[in-house]
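Since the structure comes first, as structure tokens, the remarks are kept for the end.
Every chain is numbered from 1 and lettered A, B, ... according to where its sequence line falls, protein lines coming before strand lines.
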4 protein chains.
Amino acid sequence: MPSEKTNKEKLILDAAVSLFTSKGFVATRMEDVAKTAGISKGLTYFYYKNKEDLFMALTKKAFDQFKDEFRDVYRSKGKNGLEMISELVVRIPAFAKENQVYYDSILNFLDLMKKYNNPETREQIDPKTLASDHFQKLLEIHHEPAKLGVMMISQGIKDGSIRPELQPEITFYTIWSMIIGYEKMMGPIDYEGKEIKITPSNWQPGFLKLLQDMLKGTIQAVKPSTVQGSLF
Amino acid sequence: MPSEKTNKEKLILDAAVSLFTSKGFVATRMEDVAKTAGISKGLTYFYYKNKEDLFMALTKKAFDQFKDEFRDVYRSKGKNGLEMISELVVRIPAFAKENQVYYDSILNFLDLMKKYNNPETREQIDPKTLASDHFQKLLEIHHEPAKLGVMMISQGIKDGSIRPELQPEITFYTIWSMIIGYEKMMGPIDYEGKEIKITPSNWQPGFLKLLQDMLKGTIQAVKPSTVQGSLF
Amino acid sequence: MPSEKTNKEKLILDAAVSLFTSKGFVATRMEDVAKTAGISKGLTYFYYKNKEDLFMALTKKAFDQFKDEFRDVYRSKGKNGLEMISELVVRIPAFAKENQVYYDSILNFLDLMKKYNNPETREQIDPKTLASDHFQKLLEIHHEPAKLGVMMISQGIKDGSIRPELQPEITFYTIWSMIIGYEKMMGPIDYEGKEIKITPSNWQPGFLKLLQDMLKGTIQAVKPSTVQGSLF
Amino acid sequence: MPSEKTNKEKLILDAAVSLFTSKGFVATRMEDVAKTAGISKGLTYFYYKNKEDLFMALTKKAFDQFKDEFRDVYRSKGKNGLEMISELVVRIPAFAKENQVYYDSILNFLDLMKKYNNPETREQIDPKTLASDHFQKLLEIHHEPAKLGVMMISQGIKDGSIRPELQPEITFYTIWSMIIGYEKMMGPIDYEGKEIKITPSNWQPGFLKLLQDMLKGTIQAVKPSTVQGSLF
DNA sequence: AATGAATGAGTCTTCATTCAT
DNA sequence: TATGAATGAAGACTCATTCAT
């Protein structure tokens, strides 16, 4: 009984994920969400104020799951900071591929934040989004994944796998930027092999190597054998 | 006289840019575009098949202008490859800020490409987009800016400002990824100073430094203390 | 309660009949239908997929009612086959006059069938018409009235009121053709009395007589002078 | 030179016929008519007041041509009245098949006449139709074909091929009704062979026979066995 | 005679959301 | 909690027609 309510809520969210994945946000009608969830249209509005609220709830879940990825990496034993970051480079695009909608919702939230932080563009945001409780919660938690990332850099500096002169926040956000852009560029690159000497499969190792070079810096001259060998 | 025809077309496009900027694509009605352009609704459809076609025309112009940025940098005298790339890091976010809609349309096109290249997701693209002549042209020209970027890397390798072991295509696309992500992350970072020790203004030099480190590689081993200390 | 659902549907259909009658199909806007039915525009689309679907629903009802006319005649006691057919000649034009839209929709469906049966012209039919469930049902039932008509001829042959050498199907369809044409020619003939010695009122008995002659055949040989003279 | 004007007019009309045939009246845009005719949109309006006027011009031509069919039959030597009528039964459906649009426009005009003759429905007619000069001319000439038909009946009565007691006007209009309905029913009958024992090819002789029986009357009493047996 | 850019009235249709039950 | 009939605002798009040239 007490979990039934939560159950329906989950049912709706799952339906939304499924439909947003296959048809996109705008093309998905609330009626379809309800039908897919096996409930009535009206009940959907009982659990979620409106379509935007539902999407924010989905975004919230996306961030939670995204954070789990970071946490898993951070908690994994036997990894130095650089290795953690390197694993992130693999994990995040994988997460994006497997959880398309979640990842898209995260990027969408980033765009939302840009508008939100600029008084001039803030009014472009749908009032219903602003009013969503889930949105408000996202305002609080959305940098949690990044916080873990920053901790990884700090860890790397401590364990010597990352250049000591690097500033953790700046460094991590730069890394994250790289990954976000990397994932975004993957699309256009695909299938264009004829014209451009770059493919998803040959880019990945190159990308990782550049990123590591950036982080390791001079260290590699000091003790190159111990660290690098294992990664490439 | 001869430019009158083109004039109306341009008028519409300008109106679209203006409205898409202030209200967004979906919130902008074709009637408003016409009104803003000072013409009738029907004429809008005379020059552009439909709303999507208009947007693709806008995207096409965005790419043209974006390419000009690259060309300007590439043609600028007295710059080595690394300096060109560095300038790009400044120019692109600036372009994004000044030409919000153009930049957004470019990113949107990148997403479109991802869907387009995947047979499963291709059908998610609006048929009207696919049918647009401007879209077809974009398919041909959309990697031109990147081509110039790749040439900059090659130039850097030639002139010794960029590590010789780097592969131009992979390197440039990685750079571009960084920039795209950088621009995207700028939003959430803004105004969050209280919690995170990173702001748009302190990130930029750090970001640039990291990027340069990545490209120069061994150079930094020469005089690491003098250079880095000042930047962080 | 249980009939409420049906009620709204019927309300819409009735409104459509009324408006199609007074303004015609194209000139009638869905909004007017809704307004006339006393409901909202949206609800109209809840019950009927689109304007064409609504029209096909109307056509379906027209055929049902048209069939009832045939059934009534067929079931009427004390009539031989020829008398049934004769009654049909009176009933159908009367039906056409009283149920203008229904009758027109039936003729329209006949035209639709001609296009539908020809692969070359089939594509001229509105896809929405083809997709209508009501259209699909019409494909199944549209010859039911004619079946009853054929049975009347058969009956007439059995009871001796119709020439035994006549083939029922061919004969009935010929009769039906006559009636359709008769109804159609009624328009141009009306009010043209000055130029042509034929009016709706003097045509009807003549038409009926000719039709009966055609069916009875030999009977007229018995006493040709006495019967015919009076009628013309 | 003097015929050029007429030439363009004809070009437009031909284009209209062609397009109305393939797409129907409503689906045909004036722009297409102009394009097909190889002239500009504006010129179309120079020769024809509007779309309705163009259609009325087409209808006028249809009647002219239709009348020619009647005249040809009437003038053909060596035929008695019944044979003329019989030929009409073959000729009219053939005309309908070969000149679909012309025939349809004639039927459309018949419907128009019905509305025109009824004060209550007259207002349903598009004012532009009413204002068309071609429409006005049609009001004068539209019964000319029928007049010839009536003359054929009279001729048949004179030459003994048609029962003397028949009233020419009533008889011919009845015949014409039959033919109109016959043509209209042809559509639904086509391809329905499985369910109904009637096909376009077996109906035609049966239809003709019935019609002749109707007209000849007493003749069939003379030698009924020889004639009827073979046809049914 | 001829052009074709320009107009704008006219309408179907969608769908998020509500609310009586 | 749960339903689903009912609402109505919102917007893209068409096309006959005009008119300056």
Between atom [atom1] in [X] and atom [atom2] in [N], what is the gap in whole Å?
{"X": "A:Lys8", "N": "F:dT1", "atom1": "NZ", "atom2": "P", "result": "9 Å"}
{"X": "A:Leu54", "N": "E:dT17", "atom1": "CG", "atom2": "P", "result": "10 Å"}
{"X": "B:Asp32", "N": "F:dC13", "atom1": "CG", "atom2": "P", "result": "14 Å"}
{"X": "B:Asp126", "N": "F:dG11", "atom1": "CG", "atom2": "P", "result": "17 Å"}
{"X": "B:Phe25", "N": "F:dA10", "atom1": "CZ", "atom2": "P", "result": "19 Å"}
{"X": "A:Asp53", "N": "E:dT17", "atom1": "CG", "atom2": "C1'", "result": "13 Å"}
{"X": "C:Glu9", "N": "F:dA6", "atom1": "CD", "atom2": "C1'", "result": "14 Å"}
{"X": "C:Glu31", "N": "F:dG11", "atom1": "CD", "atom2": "P", "result": "16 Å"}

Rounded to the nearest 0.5 angstrom, the NZ-CZ distance for C:Lys51 and C:Phe25 is 5.0 Å
Between [options], which one does the side chain of [X] approach most closely?
{"X": "A:Arg29", "options": "E:dA16, E:dA2, F:dG11", "answer": "E:dA16"}
{"X": "A:Ser40", "options": "E:dA2, F:dT7, F:dT3", "answer": "F:dT3"}
{"X": "C:Lys51", "options": "F:dA6, E:dT3, E:dT13", "answer": "E:dT13"}
{"X": "B:Met30", "options": "E:dC12, E:dA2, F:dA12", "answer": "F:dA12"}

Salt bridge or not for D:Asp14 and D:Lys10, using N-O below 4.0 Å?
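Result for this pair is yes, salt bridge flagged.
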Got a salt bridge between B:Asp111 and B:Lys115, using NZ or NE/NH1/NH2 to carboxylate O under 4.0 Å?
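A salt bridge is absent here (no side-chain N lies under 4.0 Å from a carboxylate O).
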So does [X] get a side-chain nitrogen or oxygen closer than 4.0 Å to the phosphate oxygens (OP1/OP2) of [N]?
{"X": "B:Tyr45", "N": "E:dG8", "answer": "no"}
{"X": "B:Lys128", "N": "F:dA12", "answer": "no"}
{"X": "A:Tyr47", "N": "F:dT1", "answer": "no"}
{"X": "B:Lys49", "N": "F:dC13", "answer": "no"}
{"X": "D:Lys41", "N": "E:dA6", "answer": "no"}

For E:dA5, give its Watson-Crick or G-U wobble partner with both distances under 3.5 Å, or none.
F:dT18
Watson-Crick/G-U partner (both atom distances under 3.5 Å) of F:dA10:
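The base-pairing partner of F:dA10, which may sit in any strand shown, is E:dT13.
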Classify the ring geometry of C:Phe55 against C:Phe20: parallel below 30°, tilted from 30° to 60°, perpendicular beyond 60°.
perpendicular
Using 30° and 60° as the class boundaries, would you call the ring planes of A:Phe109 and A:Phe63 parallel, tilted or perpendicular?
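Plane angle over 60°, so perpendicular.
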Can you find a pair of side-chain heavy atoms, one from C:Leu13 and one from C:Leu54, that are under 4.5 Å apart?
yes
Hey, does B:Thr44 reach any base, or is it just sugar-phosphate, or nothing, if we go heavy atoms under 4.0 Å?
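No contact.
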With DNA chain F as reference, determine whether C:Phe46 or B:Asn50 sits nearer its 5' end, using the nearest nucleotide of each.
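Between the two, 5'-proximity favours C:Phe46.
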